[in-house]
Number of protein chains: 2
Amino acid sequence: MSINLFYLCRQNNFKNMEQDNLPLGMVVGQMMKEMINVLKKRDAEQAEVPLTIEQHAVLHILNERKSDVILKEMSCVMGKNKSSILRIIDVLEVKELVRRAVDTKDRRKKYLMVTKKGKQVIEKFLKIEAELRTELKKGLTKKEIKIFYKVVNHIKMKAEQL
Amino acid sequence: MSINLFYLCRQNNFKNMEQDNLPLGMVVGQMMKEMINVLKKRDAEQAEVPLTIEQHAVLHILNERKSDVILKEMSCVMGKNKSSILRIIDVLEVKELVRRAVDTKDRRKKYLMVTKKGKQVIEKFLKIEAELRTELKKGLTKKEIKIFYKVVNHIKMKAEQL
DNA sequence: ATAAATTAATTGACATATGCAACTAATTTT
DNA sequence: AAAATTAGTTGCATATGTCAATTAATTTAT
């Protein structure tokens, strides 16, 4: 069996390119992809109830919010279509991580309530994520990380305005 | 009609949170999402042949590579399944941006050739992207941008090793 | 008070994306 | 010549995403 070195990809991918001139989405996207891959893998291995990243995100945001949230608001918060969120909620409800509770005053509204099990699941995920984050940041200075977050935030805000 | 201020979301989303303690993928993901939204919109408006971001990525990488590429290698370069890439290639071939050319020596292999039209399409996209990138970077110093890319690269490499 | 408009949730249709496993055809190894 | 490997392909499943239409509840306008 002859190992074709040409095919040992990914390592040499973009390495010598001037990143400054590469599509931003592509550069950041690659980073995201690698990161999410590890995260998914660890979640699948370690969590009792593995979810997709989107599902985790919804659950996490539901859990963090100060006040109770309905579907409409979630879709708005996450900048996604109502039906996308609805289907994610459907999955979360089947897995008993979220329940819908009808507003007694306005019966159109359904509050999305995180169950105890849901809280446990998201806490476990956050642990896995925090651990990974620590590993990924190793070797970077606090200042660099701070600037990184600043730039991320800057780009996000700029993009929102366009 | 009463405007419910509570629902004017996204603006206040995460604003007061310590980003350092938020899931990294979520923070960066939000940035990506906003950015890609603008990019898609502009591509749809300005390009003669609008593509999805993934399709553009494949076309761009095919175009940039120094040597001719087969499906297997593309899937490896992009860190995705063969069938995912295959289907993107199918779309690109229907739109006449890419053609498959069988290797005369090894007829299993099919080289993915970018057509003239394909080159035009990707160049137009890169123009749109570069313009947007300039706008997004406005207000940031060169140093900040450099550090940003450094951190992105660092995280990507770290994640690859895990 | 009733009709019209608005709102929230849902559903259906459809496109994209991704991954796994099985299959075919061509080539290489044994 | 048989067995193993390789590249491409197909089918199936899941997730996500958008759009448009529907239903039910509420609010606004007349």
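In what follows, every heavy atom counts, from backbone to side chain, and hydrogens, waters and symmetry copies are set aside. Bear in mind that the values here come from a model prediction, so they are computed numbers and not experimental data. Below, chain A is the first sequence line, B the second, and so on; all start at residue 1.
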Within-4.5 Å side-chain heavy-atom neighbours: Lys124(B) and Gln46(B)
yes
Length of the line joining Asn37(B):CG and dT16(C):P, which is rounded to integer Å
17 Å
Check the distance between dG8(D)'s C1' and Tyr111(B)'s OH and give it to me in whole angstrom.
14 Å
N or O in side chain of Ser84(B) less than 4.0 angstrom from dA17(C) OP1/OP2:
no
What's the closest nucleotide to the Arg87(B) side chain, out of dC19(D), dC12(D), dT9(D)?
dC12(D)
Contact class for Lys105(A) vs. all strands (heavy atom < 4.0 Å): base, sugar-phosphate, or nothing?
sugar-phosphate
Applying salt bridge (Lys or Arg N to Asp or Glu O under 4.0 Å) between Glu93(B) and each of Arg99(B), Arg100(B), Arg87(B), report the one that passes.
Arg100(B)
Between Arg107(B) and Lys110(A), who's closer to the 5' end of DNA chain C by nearest nucleotide?
Lys110(A)
Do Leu59(A) and Leu51(A) touch side chain to side chain, with heavy atoms closer than 4.5 Å?
yes
From the list Ile147(A), Val27(A), Val151(A), side-chain contact (heavy atoms from CB on, under 4.5 Å) with Phe148(B) holds only for Val151(A)
Separation of atom CG in Leu71(B) from atom P in dG8(D), rounded to whole Å
5 Å
Could you state the CG-P distance from Leu86(B) to dT24(C), rounded to the nearest angstrom?
17 Å
Nearest 0.5 angstrom please: Met157(B) CE to Leu136(A) CG, how far?
12.5 Å
Of Arg100(B) and Asp106(A), the one whose nearest nucleotide on DNA chain D sits closer to the 5' end is Arg100(B)
From Glu144(B) atom CD to Lys150(A) atom NZ, the distance as rounded to the nearest 0.5 Å:
3.5 Å
Nearest whole angstrom, please: distance from the P of dA17(C) to the NZ of Lys33(A).
13 Å
In whole angstrom, give the distance that lies between atom CD1 of Ile88(B) and atom P of dT9(D).
14 Å
Out of dT27(C), dG8(D), dA25(D), which nucleotide sits closest to the side chain of Arg108(B)?
dT27(C)
State which of dA7(D), dT18(C), dA9(C) makes the closest approach to the side chain of Lys72(A).
dA9(C)
Whole Å only: how far is the CD1 atom of Ile85(A) from the C1' atom of dT11(C)?
16 Å
Side chain of Ser83(B) only, heavy atoms from C-beta on: which candidate in dA8(C), dA26(C), dG19(C) is closest?
dG19(C)
Give the nucleotide from the list dT9(D), dC19(D), dA8(C) with an atom nearest to the side chain of Asn81(A).
dC19(D)
Members of residues 42-57 of chain A that approach DNA chain C, where some heavy atom sits under 4.0 Å away:
none
In whole angstroms, how far is the P atom of dA9(C) from the CD atom of Glu93(A)?
13 Å
For the atom pair NZ (Lys156(A)) and CG (Asn153(A)), what is the distance rounded to the nearest 0.5 Å?
5.5 Å
Taking atom NE2 of His60(B) and atom CZ of Arg65(B), what is their separation to the nearest 0.5 Å?
11.0 Å
Distance test, side-chain N/O of Lys80(A) to OP1/OP2 of dG17(D), below 4.0 Å
yes
